[in-house]
Peer 1: 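Shown below is the structure under consideration.
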Amino acid sequence: MDILPVVVGIVVIVLGILVSIALHEVGHMVPAKKFGVRVSEYMVGFGPTLWSRKKGETEYGLKAIPLGGYVRLVGMMPPARPGARSRGGFFGQVIADARDASVSEIRPGEEHRAFYHLSTPKKLVVMLGGPVMNLVIAVVLLAVVFLGIGMLAATTTVAEVGDDSAAAAAGVRPGDEVVSFDGVQVEDWSQLVGMVNDSAGQEAPLTVLRDGDEVTLQVTPTPAERPLTDDEGYAVTGDDGEPVMVDGALLGVSSSVERQPLPVSSVPEAVWLQVSGTAHAIATLPVRIYDAAYQAFTDEPRAQDSVMSVVGVGRVAVDYAGAEDYTVLARVQLMLMLVAALNIALFMFNLIPLLPLDGGHVVNALYEGARRTVARVRGATLPGPADVAKMMPVAYVVFVVLIGVGAVLMVADLVDPVRLL
């Protein structure tokens, strides 16, 4: 394996992750500043700070561990209500410390700039800005792949003609462009395959474009078994994993293949396919984590749709970059699709309704808005901001669980990585 493409692949995926994280945080920061919230820090990564610079009231920086990022929005949690009793024990102290830390960031005279003073719609815009940014990145990358670069697709031009085939007997030559079969205009290769299958042993006129002139030939498709294909042109497999064979016919020709831009509708279709697939993966995450760990430490092969950590994504990127059977453009395309899939995963994962994820803050904002709406309907005094600090014990537990899951998947990806090629 040539080492240079592998190094390039690693650099591309690391940069892809960093840019995705950076833009995710921009999605939070820009609306927060627009609504008057003071943003004291914008950091990409965790751990020790490698570089930082303060511009205005915000410190921008890069940290050592590129596994996430954050923006510090001043006043995320409101202070305790006057007269409220504090809880005892470890989690009670966690709640109190979180409140104190949040309040301490608010500078005198800037209480109105605290995040907790925002209205429910503005809180939703700020907290959904990050995940939506990841979705936008995925849409842009898939548009580049499908509309800009294009996908390999069979054309109606003949590439090869088999010896002693029905096409050879009829006089079909490489380079002929199929115009019609049995009087029906041919729009694409899959249509031709379907019409040939229905004409086994029957002579039919085949019109081709050769050197600028239309030539009509008489061809008799040879009866033969061939793989059953779905609407997308892919072979249908049975329970044993082997292609399902059906009665059909062959001309004995193969089509030329070239990159063709897909219709614009292919982008939202691909996005929806990945979003729904990721949603299903999240819904079954405990089972998938168990399966990944079990497969990694037993003789059972690792499934191609297994969940992966960032280490697994990196291994896949290396495989893509070092795939010598693929052209450079094809490898670039695979890498872009990988980064797009990663952004879809970030979009969906951050919407899980648990703190410290964005979805947890979204649920809190919706709860706060619902309470205020009910109060308005009843003509009662509007309640104050929801006490987010009370959810800090949940946030701590979720954080520990995420660290544990990440560690398990990293080990699994090192021991038995997912192989997509």
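Residues: numbered from 1 along the sequence shown.
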Peer 1: For Phe297, look at atom CZ and say whether over 12 heavy atoms of other residues, nucleotides or ligands are found less than 6.0 Å away.
Peer 2: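 Correct, the count exceeds 12.
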
Peer 1: Please collect all salt bridge (charged side-chain N to carboxylate O under 4.0 Å, His left out) contacts where either partner lies in residues 247-272, sequence neighbours excluded, each pair once.
Peer 2: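 Non-adjacent pairs meeting salt bridge (charged side-chain N to carboxylate O under 4.0 Å, His left out): zero.
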
Peer 1: Any chance you could measure Leu414, atom CG, to Ser309, atom OG, to the nearest 0.5 Å?
Peer 2: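 It comes to 7.0 Å.
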
Peer 1: Which heavy-atom pair separates Ala340 from Leu141 by the least distance, and what is that distance?
Peer 2: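 For Ala340 versus Leu141, the nearest heavy atoms are N-CD1, 3.7 Å.
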
Peer 1: So how far is it from Thr120 OG1 to Arg371 CZ, rounded to the nearest 0.5 Å?
Peer 2: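 Output value for this atom pair is 10.5 Å.
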
Peer 1: Can you find a pair of side-chain heavy atoms, one from Arg38 and one from Arg107, that are under 4.5 Å apart?
Peer 2: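 SC-SC contact between Arg38 and Arg107 confirmed.
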
Peer 1: Side-chain contact test, heavy atoms from C-beta onward, threshold under 4.5 Å: evaluate it for Phe146 versus Ser265 and give yes or no.
Peer 2: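 They are not in contact (no side-chain heavy atoms under 4.5 Å apart), so the answer is no.
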
Peer 1: Testing the basics here: between Val267 and Ala143, what is the closest heavy-atom pair and its distance to 0.1 Å?
Peer 2: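 Shortest heavy-atom contact: CG2-CA, 3.8 Å.
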
Peer 1: Using every non-hydrogen atom in the two residues, find where Val161 and Ser165 come nearest and quote the distance to one decimal.
Peer 2: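 Taking every non-hydrogen atom into account, CG1-OG, 3.9 Å.
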
Peer 1: Would you please test Val178 and Leu209 for side-chain contact (heavy atoms from CB on, under 4.5 Å) and show each step?
Peer 2: CA-CA 6 Å; Val178 179; Leu209 187 64; over 6 Å; no

Peer 1: Within the 4.5 Å heavy-atom criterion, are Leu338 and Val313 side-chain neighbours or not?
Peer 2: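 When only atoms from C-beta onward are counted, Val313 and Leu338 do touch, with a gap below 4.5 Å.
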
Peer 1: Checking side-chain contact (heavy atoms from CB on, under 4.5 Å) for the pair Leu62/Thr49: CA distance, chi angles, key distance, verdict?
Peer 2: CA-CA 6 Å; Leu62 182 66; Thr49 301; over 6 Å; no

Peer 1: So Lys63 and Glu41, salt bridge (charged side-chain N to carboxylate O under 4.0 Å, His left out) or not? Walk me through it.
Peer 2: CA-CA 12 Å; Lys63 291 182 175 287; Glu41 287 184 316; 5.8 Å; no

Peer 1: Would you be so kind as to tabulate the donor-acceptor pairs closer than 3.5 Å made by side chains of residues 88-98, with sequence neighbours excluded?
Peer 2:
unit_1, atom_1, unit_2, atom_2, d
Gln93, NE2, Asp97, OD1, 2.8

Peer 1: Is there a side-chain contact between Gln274 and Leu142 in this structure, where contact means two heavy atoms from C-beta onward sitting under 4.5 Å apart?
Peer 2: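 Gln274 vs Leu142: side chains touch.
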
Peer 1: Are side-chain heavy atoms of Leu382 and Arg376 found at a separation under 4.5 Å?
Peer 2: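 A side-chain contact exists here, since the closest heavy-atom pair is under 4.5 Å.
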
Peer 1: Please tell me if the side chains of His280 and Arg288 come closer than 4.5 Å, counting only heavy atoms from C-beta onward.
Peer 2: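 The answer is yes; the side chains approach within 4.5 Å.
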
Peer 1: For residues 356-370, tabulate all N or O donor-acceptor pairs below 3.5 Å that involve a side-chain atom, not counting sequence neighbours.
Peer 2:
unit_1, atom_1, unit_2, atom_2, d
Asp358, OD1, His28, NE2, 3.4
Asp358, OD2, His24, NE2, 3.2
Asp358, OD2, His28, NE2, 3.1
Glu368, OE1, Lys123, NZ, 2.9
Glu368, OE1, Ala386, N, 2.8
Glu368, OE2, Lys123, NZ, 2.9
Glu368, OE2, Arg372, NH1, 3.4

Peer 1: Set out, in order, the CA-CA distance, both residues' side-chain angles and the distance that settles side-chain contact (heavy atoms from CB on, under 4.5 Å) for Val316 and Met308, then state yes or no.
Peer 2: CA-CA 10 Å; Val316 171; Met308 293 182 287; 3.7 Å; yes

Peer 1: For the atom pair OH (Tyr42) and CG (Leu73), what is the distance rounded to the nearest 0.5 Å?
Peer 2: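 Going from OH on Tyr42 over to CG on Leu73, the span is 12.5 Å.
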
Peer 1: Holding to ring pair (Phe, Tyr, Trp, His ring centres under 6.0 Å), I want the full list of residues that pass it with Tyr70, two or more places apart in sequence or in another chain.
Peer 2: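 Tyr70: no ring pair (Phe, Tyr, Trp, His ring centres under 6.0 Å) contacts found.
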
Peer 1: For Thr155 and Ser255, does a side-chain donor sit closer than 3.5 Å to a side-chain acceptor?
Peer 2: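 On atom types as modelled, these side chains do not qualify, holding no pair under 3.5 Å.
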
Peer 1: Using the side-chain contact (heavy atoms from CB on, under 4.5 Å) rule, take Val74 and Glu110 through it: C-alpha gap first, then chi angles, then the decisive distance, then the call.
Peer 2: CA-CA 10 Å; Val74 170; Glu110 292 190 350; over 6 Å; no

Peer 1: State whether a side-chain donor-acceptor pair under 3.5 Å links Thr157 with Glu177.
Peer 2: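 Checked: Thr157/Glu177 side chains show no N/O donor-acceptor pair below 3.5 Å.
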
Peer 1: State the CD-CZ distance between Gln191 and Phe181, to the nearest 0.5 angstrom.
Peer 2: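 Taking CD in Gln191 and CZ in Phe181, the distance rounds to 11.0 Å.
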
Peer 1: Salt bridge (charged side-chain N to carboxylate O under 4.0 Å, His left out) for Arg53 and Glu59? Distances and angles first, verdict last.
Peer 2: CA-CA 6 Å; Arg53 175 177 296 177; Glu59 181 185 4; over 6 Å; no

Peer 1: Flag yes if more than 12 heavy atoms outside Lys33 fall under 6.0 Å of its NZ atom; otherwise flag no.
Peer 2: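 Yes - once you tally the heavy atoms of other residues, nucleotides and ligands closer than 6.0 Å, there are more than 12.
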
Peer 1: Extract all donor-acceptor atom pairs below 3.5 Å that involve side chains of residues 396-406 and protein atoms in other chains or at least two apart in sequence.
Peer 2:
none

Peer 1: Step through the shown structure and confirm whether more than 12 heavy atoms of other residues, nucleotides or ligands are within 6.0 Å of CD on Gln202.
Peer 2: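 Buried by this count: over 12 neighbours within 6.0 Å.
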
Peer 1: Are more than 12 heavy atoms from other residues, nucleotides or ligands located less than 6.0 Å from atom CH2 of Trp51?
Peer 2: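 Check passes, neighbour count above 12.
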
Peer 1: Show the atom names and distances, to 0.1 Å, of all donor-acceptor pairs under 3.5 Å that link a side chain in residues 342-352 to residues at least two apart or in another chain.
Peer 2:
unit_1, atom_1, unit_2, atom_2, d
Asn343, OD1, Ser20, OG, 3.3
Asn343, OD1, Asn134, ND2, 2.9
Asn343, ND2, Ser20, OG, 2.8
Asn343, ND2, Val339, O, 2.9
Asn350, ND2, Leu346, O, 2.9

Peer 1: Is there a donor-acceptor pair under 3.5 Å between the side chain of Ser102 and the backbone N or O of Arg99?
Peer 2: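 Not confirmed, Ser102 side chain does not pair with Arg99 backbone.
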
Peer 1: Can you find a pair of side-chain heavy atoms, one from Thr156 and one from Leu192, that are under 4.5 Å apart?
Peer 2: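 A side-chain contact under 4.5 Å is absent here.
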
Peer 1: Of all heavy-atom pairs between Ser254 and Trp189, which one has the smallest distance, and what is that distance?
Peer 2: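 Of all heavy-atom pairs spanning Ser254 and Trp189, the closest is C-CZ2, 4.0 Å.
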
Peer 1: Can you tell whether the side chains of Arg113 and Glu57 come within less than 4.0 Å, N to carboxylate O?
Peer 2: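 Glu57 and Arg113: salt-bridged.
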
Peer 1: Kindly indicate whether the side chain of Tyr294, heavy atoms from C-beta on, has any atom under 4.5 Å from the side chain of Glu300.
Peer 2: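 Yes, close enough: below the 4.5 Å cut-off.
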
Peer 1: Measuring from Tyr60:OH to Lys55:NZ, what's the distance to the nearest 0.5 Å?
Peer 2: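 It is 6.5 Å, given to the nearest 0.5 Å.
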
Peer 1: Please report the interatomic distance CG(Leu336) to CZ(Arg331), rounded to the nearest 0.5 Å.
Peer 2: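 Between Leu336 CG and Arg331 CZ, I get 14.0 Å after rounding to 0.5 Å.
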
